[in-house]
Amino acid sequence: MPTVEVQNVTRVYEEKGMPPAQALRGVSLSVEKGEFMALAGPSGSGKTTLLNIIGGIDAATSGEVRVDGQALSGLSRAALADLRRDRIGFVFQAYNLVPVLTAAENAEYVLQLKGVPAAERRARVKDVFERMGLGRFLDSRPLKMSGGQQQRVAVARAIVADPAVVLADEPTANLDQRTGAELMDLMHGLNRERGTTFIFSSHDPMVLSRAQRVVRLVDGELERAEVRGP
Amino acid sequence: MNGTLLLGWRNIWRNRRRTLISMSAIGVGLFLVVFYSGIVGGLLGNAKNELDNAGMGHVEVFAKGYRPKRDVAATLAAFPERAALQLPADAELGTRVLARGLATSAHGSEAIQLNGVDFAAESLLSAHLRQVKQGALPVDGDGKGVLVGEELATRLNLKVGGKLRLMVQRADTEMGADLFRVRGVFHSIAPSIGQRQVYVSQAAARELLGLSAATHQAVIQLSDPVQADAVAARLKVTLGEGYEVLTWAELVPVLKRMEAFTDTVVFFLAMFVYLLVGLGVLNTMLMSVLERTREFGVLLALGTRPARIVRLVIAESFWIATLSVVVGAAAGALLTWHFSQSGFHITGGGESFQLEGATIGTLVKTRFNPWDVVRAASFVYVMALIVGIYPATRITRLQPAEALRRT
Ligand SMILES: Nc1ncnc2c1ncn2[C@@H]1O[C@H](COP(=O)(O)OP(=O)(O)O)[C@@H](O)[C@H]1O
Ligand SMILES: [Mg+2]
């Protein structure tokens, strides 16, 4: 069973006073467990829309998405929230840490939603932070950290609850080349060590070169030819 | 601490100034409501005091036929002993022999109202008998002592120990007159009382009027004015025909109306204040929530259920409400309690004003009622709940992806 299965998904944005925008035009895609996959494509090609729909934070206009075999269409908002909590990790371009929580608390928040007891939460977060070289930032507030450090914490937050898949929308776009490369190495390491499935979007050749597989979106459609990486 | 409450607590301090302004608004509103209901309650809602100021009763009994023409021959001839009246244990009871007459000194004459009283009982009923400024109350068995008010003493140039001639129309329509000595001068907050009311012992009044063993008026003051109707109804049954039993609501209707008015005034004031404060805080909460739309989008993406987002925003208004209630209610309660002890004057001149026959003191002791505080505080919590829910639903209506797109 694929970890993520996208079947003929379309997404039409309808906004008042604007012509309807076809962001996805019948996308089908299958992602197996443990993949480290990139979604390539120019700006406006539908990468963010597709990741949002896979992650259950946006709804497809038609078509179906399954995560770990669970179909997303027809789920209530609360059920979708539970599915995200249990199976999906998000990393955003703009880090998006909660500023009033410390780095460790940001990661703990997800475990808290799952009802993990406080002591265990703390221990698990500490362990993950240390493995990711974030040990000294446990009690730092996000706004006191550099962009690269914040994005590492965001990755830690995304993986700490062992989701089925981590969805990272242009995770390096706000970072310089070197920091971006380091972040990719970190994510790739986690992918190999923990077997976490990653789907990330980018239009940066450096980032795409690290992917196992690259699928390309153009104008809301997947290109036939897929690139298989190392 | 519960994660939601902790997060709410940290969030309210992100914009410290805005939070403090919201809290001040609620706190001041709450303070105003608590303190104002204390003042209004103290001013208008205290019928016991107002009756006591004028020596009136919550229930008064006359012989049928006395009141229309103040006929001194219409007496409470066979008025029973207290034990037979079945009054509440803490009720105050006194009887008076009444007559209109003339007081004459070397200096002149003044029209007066003569009261033949039992001084011990009367000082519980009339506030001014507890305010003897010169001399003292006439003692038991003093058949020639008289107590007058400051105003009368001034007009007739009376001193303690001085002579005063009292003249009344007797029951047999002859004139009765006798010479008395001033034993004391009282102070009343109402000048009309100090000028007109004159007190002698019941025995002396009867002798002057040519009555054998009767009084004209029985006055009952109750600790709880609400009992008046029940007490009056019981008295009517006990006393039977021949008596007129009246409650304070019948004697001075204005006091009764004021009590009802008080509750209405306080209710509408509270509504008005809370509405204003509530709208202000709602607006602030809305701003504070909407400018964090993206952050709520992040929480939703991490797997937070929409209901938990609502709880998180309510947690923020809960904290704001709690801090405001602690400060506002404490300040309001403290000040109300303070003035319930010492009182303060509400108008410029004079110690009292007359309102449709009632003597209202201008020295207001606020009514400190812990329930007023509890009620006001509950209002604020309900309001906090409302101003939390609405902004939160503005967020949870959105798809998380849409919330994340907002800046
Ligand atoms: N909220 C929206 N309303 C209307 N059109 C949108 C909205 N979001 C995205 N689009 C349009 O959908 C298309 C795909 O956008 P997006 O998924 O953000 O692409 P990418 O992430 O590849 O840049 C674009 O043409 C964009 O203008
Ligand atoms: Mg995008």
Side-chain angles (χ1 to χ4, degrees), chain A residues 11 13 15 23 48-60 76-102 105-116 118 121 141-143 154 157-158 160-161 163 166-167 169, chain B residues 1-19 285 288-320 389 392-407:
Chain A
R11 175 67 163 102
Y13 286 108
E15 278 183 15
T48 299
T49 304
L50 182 56
L51 287 174
N52 287 349
I53 290 174
I54 293 173
I57 56 174
D58 193 7
S76 70
R77 291 190 165 208
L80 276 173
D82 291 354
L83 180 128
R84 294 194 295 268
R85 178 192 68 195
D86 295 336
R87 316 217 178 156
I88 294 173
F90 280 100
V91 177
F92 305 97
Q93 176 179 335
Y95 329 135
N96 283 347
L97 298 176
V98 180
V100 291
L101 299 180
T102 63
E105 285 168 342
N106 263 277
E108 271 189 60
Y109 181 82
V110 185
L111 297 174
Q112 199 175 5
L113 289 180
K114 295 183 92 158
V116 177
R121 286 202 305 259
R141 286 291 173 104
L143 297 182
R157 179 176 70 180
V160 72
V166 172
L167 306 172
D169 191 12
Chain B
M1 200 183 341
N2 170 309
T4 307
L5 280 178
L6 175 67
L7 199 52
W9 174 258
R10 293 210 192 147
N11 278 334
I12 64 169
W13 298 115
R14 289 166 84 159
N15 192 327
R16 190 177 306 250
R17 184 172 51 179
R18 185 160 64 194
T19 296
M285 277 302 285
S288 134
V289 166
L290 292 184
E291 73 189 19
R292 283 181 287 151
T293 300
R294 174 207 276 266
E295 192 175 310
F296 287 115
V298 171
L299 295 180
L300 286 165
L302 294 179
T304 311
R305 288 185 188 173
R308 193 179 171 114
I309 298 287
V310 174
R311 286 207 302 277
L312 175 60
V313 178
I314 291 176
E316 294 179 18
S317 50
F318 164 82
W319 281 122
I320 291 178
I389 287 175
T393 55
R394 290 283 300 266
I395 297 291
T396 54
R397 276 210 303 259
L398 299 174
Q399 276 283 0
E402 202 177 326
L404 277 162
R405 240 189 330 262
R406 305 277 168 92
T407 42

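Below, read A as the first sequence line, B as the second, and so on, with proteins coming before strands; counting in each chain starts at 1. Nothing here was measured: the structure is a model prediction, and the numbers come from that model.
- The parts of A:D58 that come within reach of chain B are both its backbone and its side chain, each placing non-hydrogen atoms under 4.5 angstrom from that chain.
- Put simply, the side chain of A:R77 does not reach to within 4.5 Å of the side chain of B:T396, judged on heavy atoms.
- In this structure, A:A81 and B:P306 approach most closely via the heavy-atom pair CB-CD, 4.5 Å.
- For A:A94, the part sitting under 4.5 Å from any heavy atom of chain B is the side chain, from C-beta outward, and nothing else.
- Counting heavy-atom pairs under 4.5 Å between each of B:G297, B:A403, B:A401 and chain A puts B:A401 at the top.
- Chain B forms the most heavy-atom pairs under 4.5 Å with one residue out of A:L101, A:T49, A:L97, and that residue is A:L101.
- The heavy-atom pair separating B:R10 from A:V100 by the smallest distance is NH1-O, 2.8 Å.
- When heavy atoms are compared at a cutoff of 4.5 Å, A:Y13 approaches chain B solely by way of its side chain, counted from C-beta outward.
- Shown here for B:G303 and A:R84, the closest heavy-atom pair between the two residues is CA-CB, 4.1 Å.
- Only the side chain of B:R294 comes within contact range of chain A, judged by heavy atoms closer than 4.5 Å.
- What you find for B:G3 and A:Q112 is that their closest heavy atoms are CA-NE2, 3.2 Å.
- Contacts of A:E105 with chain B are made by side-chain atoms alone, with heavy-atom separations under 4.5 Å and no backbone atom involved.
- A distance of 4.5 Å separates CZ of A:F92 from CG of B:L404, quoted to the nearest 0.5 Å.
- For the pair A:I57 and B:L300, the minimum side-chain heavy-atom distance is 4.5 Å or more.
- The greatest number of non-hydrogen atom pairs below 4.5 Å with chain B, out of A:D82, A:N52, A:T48, is found for A:D82.
- No part of B:I309 comes within reach of chain A, as not one of its non-hydrogen atoms sits under 4.5 angstrom from that chain.
- Side chains of A:R157 and B:V298 form a contact here, defined as non-hydrogen atoms less than 4.5 Å apart.
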